[in-house]
Amino acid sequence: MNKAWWKESVVYQIYPRSFADSNGDGIGDLNGITSKLDYLQKLGVDVIWLSPVYRSPNADNGYDISDYEAIMKEFGTMEDYDRMLKAAHEHGIRVVMDLVVNHTSDEHKWFIESRSSRTNPKRDYYIWRDPVDGHEPNNWGSNFSGSAWKLDEKTGQYYLHLFAEKQPDLNWSNPAVRREVFDMMTRWCEKGIDGFRMDVISLISKPEGLPDAAVMGGGLYGDPNICANGPHVHEYLQEMRKTVLSRFDLMTVGECAGVTLEEAKKYANAAGTELNMVFQFEHVGLDGGDGIKWSTKKMPLVPLKENLSKWQNGLDGVAWNSLYFCNHDQPRIVSRLGNDSDQYRERSAKAIATVLHMMQGTPYVYQGEELGMTNYPWKSVDEFNDLESINGYYELTEKAGMKPEELFPMIAHKSRDNARTPMQWDDSDNAGFTTGKPWLAVNPNYRKINAKEQVARPDSVFNYYRQLISLRHSSELIVYGHYELLLPDDPDLFVYRRYLDDKELLCAANLSEHARTFDIPERFRSGRVLIQNMPEHDVRDGQIAPYEAYVLLKSE
Ligand code: TEU
Ligand code: CA
């Protein structure tokens, strides 16, 4: 097994807008991140991944970049950035940047030039098409509702935007675009960053001829994920690797909407010709609605075990896996898969963390996940900031005829804003996130759920994550061991084993509200307990309590 630091690391994702505000304007910033590096070092994470901090009009909170080499004014200056980078390295923490190059902002200078005339040299930096019979060139929908095409009156052509209108797609088939991107990446690497998370990188190569797509739920538009894993995507990534990535010691993770296991074996192949790993979306799609993302369904455990196990066994030895449940686009996992009541919130948060962190792959902790932060109690669509939620609500009620009283609870449960409420640092006003008015409401449960209280309490979710991360750092079995799911059809218990040479561990969790019996296989009965979320309980008594989790080593 070829070892690597990025295989042995635990990554912490920071959504800078909601992490820590240092200047009282209600918006998180770079100096805020710098002030929290001691906290992150205490947690034990090895890498931080920053969601975009580049100049942006914030149509999509920084995922619409108007200048890749300037810092968003709300987040501070390049000097603040350099200070944060240096301080992170001094804390032994690497810094991975978010690379958003499937599209730019419509305020990027490239697009301003491109849209200025049909003959502008940068016209082909983007994807322009003539109207077809007076309307859009094909039936593709945007991920953020509406058509994926916007008519530009000035030149009478449509431009493609798989996301918001203010996020025009770059034309990756143009070698000049690839050159611009690779040169920008090189300059960031020369500043000393340690890697890239690549936003929707699986979408950059569009299907030849831009054919119509299968119509999505709601029945209005074709699925833009027709662009996933396009004809030249691996060619472009191999070129990126040769031109940039191979020249630096980096961690690279591709956010790959629509990726399959077979495609992931190419993106994250062990030969290292493309990326180190990918984020897949099958598991976080299991609780979706009928053809739409929105639902109030609980994540179904048996399909979840099946999917995660497929990826564990499918990539073992041929590629590397990422392990995540949370990020800035996903609702809080304790509300989605666990139980966020006072009775079970902490225990279920620890149980979920146990089953994720004991697998093979690089684990990602999203800000607040280590505290067991929960979804927000939304009351109205007017409270949302996220354009995916807002546009989705109005398109599905006003155009597709869904009833608001049916749709609203679904959007409230799955909205990306659930992950974007400010980090809960302590029990002072606004959870210590800001001394000003927070850009998005703070979850009212912050007095109960905050970092200050949990850092000080040995049995907190925070200190449980610290133990999990420390365990991974001490164990080749956990990092590199093989995986086998046990009890595949059990609707409550998530049990698997990891094994490497003569070492073996058992990971057992009851992800339900009812107590169960569970006979630990003989060879683990007298093994050492590596971690458990109910230390007062003797795990060997044949019982496993609601949301109880533990890890046992095989007896010596
Ligand atoms: O998200 C990608 C995204 O939202 C879709 O690809 C979705 O994940 C997929 O269809 C499966 O549901 C990235 C960023 O993480 C997100 O914050 C941005 O809004 C988006 O790209 C556009 O940059
Ligand atoms: Ca600020």
Side-chain angles (χ1 to χ4, degrees), residues 8-14 19-20 35-48 91-93 323-326 332-335 337-359 362-374 423-428 431-433 443 445-475 478-479 505 507-511 528-539 545-553:
E8 301 171 1
S9 294
V10 176
V11 183
Y12 187 92
Q13 183 195 354
I14 291 175
F19 190 63
S35 75
K36 298 296 182 183
L37 290 169
D38 289 346
Y39 167 82
L40 295 171
Q41 187 179 48
K42 190 176 190 61
L43 180 58
V45 296
D46 308 280
V47 181
I48 51 177
H91 280 77
I93 296 173
L323 306 172
Y324 81 96
F325 284 136
C326 293
R332 294 281 178 181
I333 194 65
V334 72
S335 302
L337 174 63
N339 178 319
D340 59 13
S341 69
D342 284 350
Q343 182 183 13
Y344 290 127
R345 180 178 51 73
E346 289 219 335
R347 196 193 297 174
S348 68
K350 295 172 188 173
I352 291 166
T354 307
V355 298
L356 189 72
H357 282 253
M358 289 298 110
M359 287 190 183
T362 299
Y364 288 75
V365 180
Y366 176 67
Q367 67 182 48
E369 182 185 346
E370 80 279 12
L371 303 178
M373 276 177 64
T374 68
M423 180 70 177
Q424 295 167 199
W425 292 108
D426 58 41
D427 62 359
S428 69
F433 163 71
N443 195 312
N445 63 21
Y446 72 90
R447 287 192 178 79
K448 237 179 357 184
I449 305 171
N450 66 71
K452 183 179 176 190
E453 188 275 330
Q454 290 202 29
V455 168
R457 176 163 51 90
D459 70 345
S460 66
V461 182
F462 173 87
N463 281 307
Y464 192 85
Y465 267 82
R466 275 186 68 203
Q467 286 178 62
L468 283 173
I469 294 167
S470 166
L471 258 181
R472 174 169 289 268
H473 287 156
S474 67
S475 166
I478 293 172
V479 177
L505 68 79
C507 178
N510 177 359
L511 294 185
R528 187 157 58 90
V529 175
L530 285 182
I531 191 168
Q532 60 181 131
N533 68 350
M534 296 176 72
E536 69 284 5
H537 174 218
D538 170 10
V539 300
Y547 296 109
E548 180 171 13
Y550 52 82
V551 180
L552 280 169
L553 267 184

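The distance from atom CG of Leu356 to atom CG of Leu323, rounded to the nearest 0.5 Å, is 5.0 Å. Atom OH of Tyr366 sits about 5.5 Å away from atom CD of Gln13, to the nearest 0.5 Å. Separation of atoms SG (Cys507) and CD1 (Ile531) is listed at 9.5 Å; rounding is to 0.5 Å. Separating the NZ atom in Lys350 from the CD1 atom in Ile352 is a distance of 12.5 Å, to the nearest 0.5 Å.
Every salt bridge (charged side-chain N to carboxylate O under 4.0 Å, His left out) that Lys448 has, sequence neighbours left out, goes to Asp342. Take Arg457 and apply the salt bridge (charged side-chain N to carboxylate O under 4.0 Å, His left out) test, not counting sequence neighbours, and it matches Glu346, Glu453, Asp459. Legend: residues meeting ring pair (Phe, Tyr, Trp, His ring centres under 6.0 Å) with Tyr547, ordered by chain and number and at least two apart, are Tyr344. Legend: residues meeting side-chain hydrogen bond (donor to acceptor under 3.5 Å, both in side chains) with Ser475, ordered by chain and number and at least two apart, are absent. Every residue meeting the side-chain hydrogen bond (donor to acceptor under 3.5 Å, both in side chains) condition with Asn510, not counting sequence neighbours, appears here in chain and number order: Ser512. Residues satisfying the ring pair (Phe, Tyr, Trp, His ring centres under 6.0 Å) test with Tyr12, not counting sequence neighbours, are none. With sequence neighbours left out, the side chain to side chain contact (heavy atoms under 4.5 Å, CB included) criterion links Ala508 to Val495, Phe518, Ile544, Tyr550. Under the rule for a ring pair (Phe, Tyr, Trp, His ring centres under 6.0 Å), Phe325 has no partner lying at least two apart in sequence or in another chain. Taking Tyr364 as the reference, Phe279 meet the ring pair (Phe, Tyr, Trp, His ring centres under 6.0 Å) condition, with sequence neighbours excluded. Residues passing the side chain to side chain contact (heavy atoms under 4.5 Å, CB included) test with Ala431, sequence neighbours excluded: Gln424, Val442, Tyr446. The side-chain hydrogen bond (donor to acceptor under 3.5 Å, both in side chains) search around Asp427 returns none, not counting sequence neighbours. Remark: Arg345 engages no residue in a side-chain hydrogen bond (donor to acceptor under 3.5 Å, both in side chains) (not counting sequence neighbours).
Shortest non-hydrogen contact noted between Pro458 and Asn463 is O-CB, 3.2 Å. Ile449 and Thr374 make their closest contact through CD1-CG2, 4.1 Å (heavy atoms, listed as atom of the first residue, atom of the second, distance). Of all heavy-atom pairs between Trp425 and Gly432, the closest is CD1-O, 3.9 Å. The two atoms that bring Ile478 and Leu505 nearest to each other are CG1-CD2, 3.7 Å, heavy atoms only. In plain terms, the two heavy atoms of Ala349 and Gly372 that are nearest each other are CB-CA, 4.1 Å. Minimum heavy-atom separation, Ala351 to Ala509: O-CB, 4.4 Å.
Using modelled atom types, no side-chain atom of Gln41 and backbone atom of Tyr39 make a donor-acceptor pair closer than 3.5 Å. Side-chain atoms of Asp426 never come within 3.5 Å of backbone atoms of Asn450 as a donor-acceptor pair (strictly under, hydrogens ignored). Checking side-chain atoms of Ser348 against main-chain N and O of Asn339 turns up a donor-acceptor pair under 3.5 Å. Counting only distance, with no hydrogens or angles, the side chain of Gln454 and the backbone of Leu371 share a donor-acceptor pair below 3.5 Å. Under a 3.5 Å cut-off, the side chain of Arg347 and the backbone N or O of Met534 do not form any donor-acceptor pair. At least one donor-acceptor pair under 3.5 Å links the side chain of Arg466 to the backbone N or O of Lys42. Looking at Gln532, its side chain does come within 3.5 Å of a backbone N or O of His537 through a donor-acceptor pair.
The side-chain heavy atoms of His91 and Leu40, taken from C-beta on, include no pair separated by under 4.5 Å. In this structure, the side chains of Met358 and Leu468 come closer than 4.5 Å at one or more pairs of heavy atoms.
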Apply side chain to side chain contact (heavy atoms under 4.5 Å, CB included) to Glu8 and Asp46, showing your working.
CA-CA 9 Å; Glu8 301 171 1; Asp46 308 280; over 6 Å; no

Applying side chain to side chain donor-acceptor pair (under 3.5 Å), run through Asn533 and Thr354 and close with a yes or a no.
CA-CA 9 Å; Asn533 68 350; Thr354 307; 5.8 Å; no

Pair Asn443, Met373 - check side chain to side chain contact (heavy atoms under 4.5 Å, CB included), show working.
CA-CA 9 Å; Asn443 195 312; Met373 276 177 64; 5.6 Å; no

Working for side chain to side chain donor-acceptor pair (under 3.5 Å), residues Asp340 and Ser335:
CA-CA 5 Å; Asp340 59 13; Ser335 302; 2.7 Å; yes

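Of the options Val365, Val551, Leu471, a side chain to side chain contact (heavy atoms under 4.5 Å, CB included) to His357 is made by Val365 and by none of the others.
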